[in-house]
Visitor: 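Have a look at the structure that comes next, please.
Throughout, numbering of the chain's residues begins at 1 and tracks the sequence. In this text the structure is predicted, and so the values were computed from the model without any measurement.
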Amino acid sequence: MIAEEHLPIIHLVFSNLKTWLNGIHHGVSHQHLQAYLNEFTFRFDWRFYPFNAFQSLLGISGDVTAPTYAELYAGDWQHPTYSGCGR
């Protein structure tokens, strides 16, 4: 079955995600889950290209305005979803 060939990769990704969340962040709140998933996806997608990842991150940071502390915790601000980051 084709699905059985891909399951080890899927399990590896979820295992890495769980290890990263518990090891770095020591738990995740629902309010900031999208931001954590965005970061993990970015790191995972660019893991073999660190220089390109740095260039992409600079480009992304130049186009995005960060929320203030009040906006972040008021619940009105939405984390942007991952859109490929120019790759």
Side-chain angles (χ1 to χ4, degrees):
M1 192 174 210
I2 294 174
E4 292 174 358
E5 295 174 11
H6 297 292
L7 284 179
I9 296 169
I10 293 169
H11 289 298
L12 178 67
V13 171
F14 281 111
S15 174
N16 287 345
L17 174 63
K18 286 172 38 177
T19 301
W20 179 73
L21 286 174
N22 290 328
I24 301 292
H25 300 291
H26 305 289
V28 175
S29 68
H30 182 269
Q31 184 178 14
H32 301 293
L33 179 61
Q34 186 63 54
Y36 294 130
L37 293 175
N38 289 350
E39 182 181 353
F40 178 79
T41 304
F42 181 85
R43 289 173 181 263
F44 186 82
D45 285 350
W46 290 97
R47 68 192 179 277
F48 299 121
Y49 310 101
F51 181 74
N52 293 344
F54 181 70
Q55 284 185 314
S56 180
L57 189 59
L58 288 177
I60 292 168
S61 64
D63 291 338
V64 176
T65 55
T68 63
Y69 183 84
E71 289 172 337
L72 188 62
Y73 285 97
D76 298 330
W77 188 78
Q78 294 291 320
H79 291 284
T81 57
Y82 178 73
S83 61
C85 299
R87 205 173 141 193

Visitor: Please identify each residue that fulfils side-chain contact (heavy atoms from CB on, under 4.5 Å) with Ser15, with sequence neighbours left out.
Guide: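 Scan of Ser15 (side-chain contact (heavy atoms from CB on, under 4.5 Å), adjacent residues dropped) gives Thr19.
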
Visitor: Applying side-chain contact (heavy atoms from CB on, under 4.5 Å) to Ile24 and Phe40, what does each step give before you reach the verdict?
Guide: CA-CA 11 Å; Ile24 301 292; Phe40 178 79; over 6 Å; no

Visitor: With salt bridge (charged side-chain N to carboxylate O under 4.0 Å, His left out) as the rule and sequence neighbours excluded, what pairs involving residues 12-22 come up?
Guide: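 Pairs touching residues 12-22 that pass the test: none.
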
Visitor: Considering residues at least two apart in sequence or located in another chain, which fulfil the side-chain contact (heavy atoms from CB on, under 4.5 Å) criterion with Phe14?
Guide: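 Once residues adjacent in sequence are excluded, the partners of Phe14 under the side-chain contact (heavy atoms from CB on, under 4.5 Å) criterion are Ile10, Leu17.
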
Visitor: Just verifying a value: how many Å separate Glu39 CD and Trp20 CH2, rounded to the nearest 0.5 Å?
Guide: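 Reported to 0.5 Å precision, the distance equals 4.0 Å.
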
Visitor: Please identify each residue that fulfils ring pair (Phe, Tyr, Trp, His ring centres under 6.0 Å) with Phe51, with sequence neighbours left out.
Guide: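 Per chain and number, Phe51 pairs via ring pair (Phe, Tyr, Trp, His ring centres under 6.0 Å) with no residue.
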
Visitor: Taking atom CZ of Phe44 and atom CG of Asn16, what is their separation to the nearest 0.5 Å?
Guide: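 Interatomic distance, Phe44 CZ to Asn16 CG, rounded to 0.5 Å: 7.0 Å.
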
Visitor: Excluding sequence neighbours, so at least two apart, what forms salt bridge (charged side-chain N to carboxylate O under 4.0 Å, His left out) with Glu71?
Guide: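 Scan of Glu71 (salt bridge (charged side-chain N to carboxylate O under 4.0 Å, His left out), adjacent residues dropped) gives none.
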
Visitor: Could you pull out all residues at least two apart from Asn22 that satisfy side-chain contact (heavy atoms from CB on, under 4.5 Å)?
Guide: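 In terms of side-chain contact (heavy atoms from CB on, under 4.5 Å), with neighbours along the sequence ignored, Asn22 is linked to no residue.
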
